[in-house]
Q: 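My questions will all concern the structure given below.
Excluded from the calculations below are hydrogen atoms, water molecules and symmetry mates; all remaining heavy atoms, backbone and side chain alike, are included. Just so it is clear, the structure is predicted and the values come from calculations on it, not from any experiment.
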Amino acid sequence: PEPEASLPGAPNEDIGDDWSVVGQMDLDQYLHHRFTKRRDCKVMLFVDAIGAAPRLKQKKFKVDGTWQFHQVEEFLKGSLKVTKLYLYVNNFFSPLPEEYVADLFQCHKSGGGAQLAITYSLEPAFA
């Protein structure tokens, strides 16, 4: 049988030839399956300090796309040995702690599309 064309947001390339999987899922399960597959990658982070924040010797890190943003924050706080840190993507906004790194990368990649730029400071940098 042909796949149902009316399934919302169902790109053919994500399912491949296995459309039988979709028929056995409700919409929530399907979306979970699709996002889990999309987040299964490595993401290059370019991390830089703002203002008086301590500098890292290494500015590029490759992390798992399934990391949530709070894990990036905890990693950086541990690396910098600080208890409070303000993080920004593209010097523009602070993501929610539960956002996935792969999702942020897909929407906000920089450096020719090869990395996610994150800046950090010890005090709020943008009002």
Q: For Asp48 and Thr119, does a side-chain donor sit closer than 3.5 Å to a side-chain acceptor?
A: no
Q: Taking the side chain as every heavy atom from C-beta outward, state whether Val89 and Phe69 have any atom pair closer than 4.5 Å.
A: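 Yes, close enough: below the 4.5 Å cut-off.
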Q: Restricting to non-hydrogen atoms, name the atom on Pro54 and the atom on Val82 that form the minimum distance, rounded to 0.1 Å.
A: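 Here Pro54 and Val82 meet closest at CG-CG1, 4.5 Å.
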Q: Do other residues, nucleotides or ligands put more than 12 heavy atoms under 6.0 Å from Asn91 CG?
A: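 It does: Asn91 CG has more than 12 such atoms within range.
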Q: Applying a strict under-4.5 Å side-chain criterion to I, L, V, M, F, W and Y, I'd like to know whether Phe46 and Leu76 cluster together.
A: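 Different clusters.
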Q: Which residue is it: Glu74, Gln68, Glu73? I am looking for the one with a side-chain hydrogen bond (donor to acceptor under 3.5 Å, both in side chains) to His70.
A: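 It is Gln68, the one option of Glu74, Gln68, Glu73 that forms the side-chain hydrogen bond (donor to acceptor under 3.5 Å, both in side chains) with His70.
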Q: Could you label the plane-to-plane angle of the Phe75 and Phe61 rings as parallel, tilted or perpendicular, counting under 30° as parallel and over 60° as perpendicular?
A: perpendicular
Q: For Phe35, does the CZ atom sit with more than 12 other heavy atoms under 6.0 Å from it, leaving out its own atoms?
A: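 Atom CZ in Phe35 is not packed in, count stays at 12 or less.
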Q: Group every Ile, Leu, Val, Met, Phe, Trp and Tyr by side-chain heavy-atom contacts under 4.5 Å, then state whether Leu85 and Val101 land in the same group.
A: yes
Q: Please check if Ile50 and Tyr86 belong to a single hydrophobic cluster, counting links between Ile, Leu, Val, Met, Phe, Trp and Tyr side chain heavy atoms closer than 4.5 Å.
A: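 Yes; tracing contacts between hydrophobic side chains, which count when under 4.5 Å, links both residues.
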Q: Is the Phe92 to His108 ring centre distance short of 6.0 Å?
A: no
Q: Is there a path of hydrophobic side-chain contacts, each under 4.5 Å between heavy atoms of I, L, V, M, F, W or Y residues, that connects Val72 with Met44?
A: no
Q: Are Leu80 and Leu87 joined in one hydrophobic group, where the rule is that I, L, V, M, F, W and Y side chains link up if heavy atoms are under 4.5 Å apart?
A: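 As far as the 4.5 Å side-chain criterion goes, Leu87 and Leu80 are connected within one cluster.
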Q: Any sub-3.5 Å donor-acceptor pair from Tyr88's side-chain atoms to Ala125's backbone N or O?
A: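 Side chain of Tyr88 to backbone of Ala125: a pair is present.
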Q: Is there a side-chain contact between Lys60 and Gln115 in this structure, where contact means two heavy atoms from C-beta onward sitting under 4.5 Å apart?
A: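 Of all side-chain heavy-atom pairs linking Gln115 with Lys60, at least one is under 4.5 Å.
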Q: How close do Lys84 and Leu122 get, counting heavy atoms only, and between which atoms?
A: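 Scanning both residues, the minimum pair turns out to be O-CD2, 3.9 Å.
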Q: Say you draw a straight line from SG of Cys41 to NZ of Lys62; how long is it, rounded to the nearest 0.5 Å?
A: 10.5 Å
Q: Measuring only between side-chain heavy atoms, which start at C-beta, is Leu116 closer than 4.5 Å to Ser110?
A: no
Q: Please report the closest heavy-atom contact between Tyr100 and Arg39, naming both atoms and the distance.
A: CD1-CZ, 3.2 Å
Q: For the residue pair Leu56 and Tyr120, what are the closest heavy atoms and their distance?
A: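 Here Leu56 and Tyr120 meet closest at N-OH, 3.4 Å.
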Q: Just so I know, are the side chains of Leu45 and Trp67 near enough to count as touching, which here means a heavy-atom distance under 4.5 Å?
A: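 Heavy-atom side-chain distance check fails, nothing below 4.5 Å.
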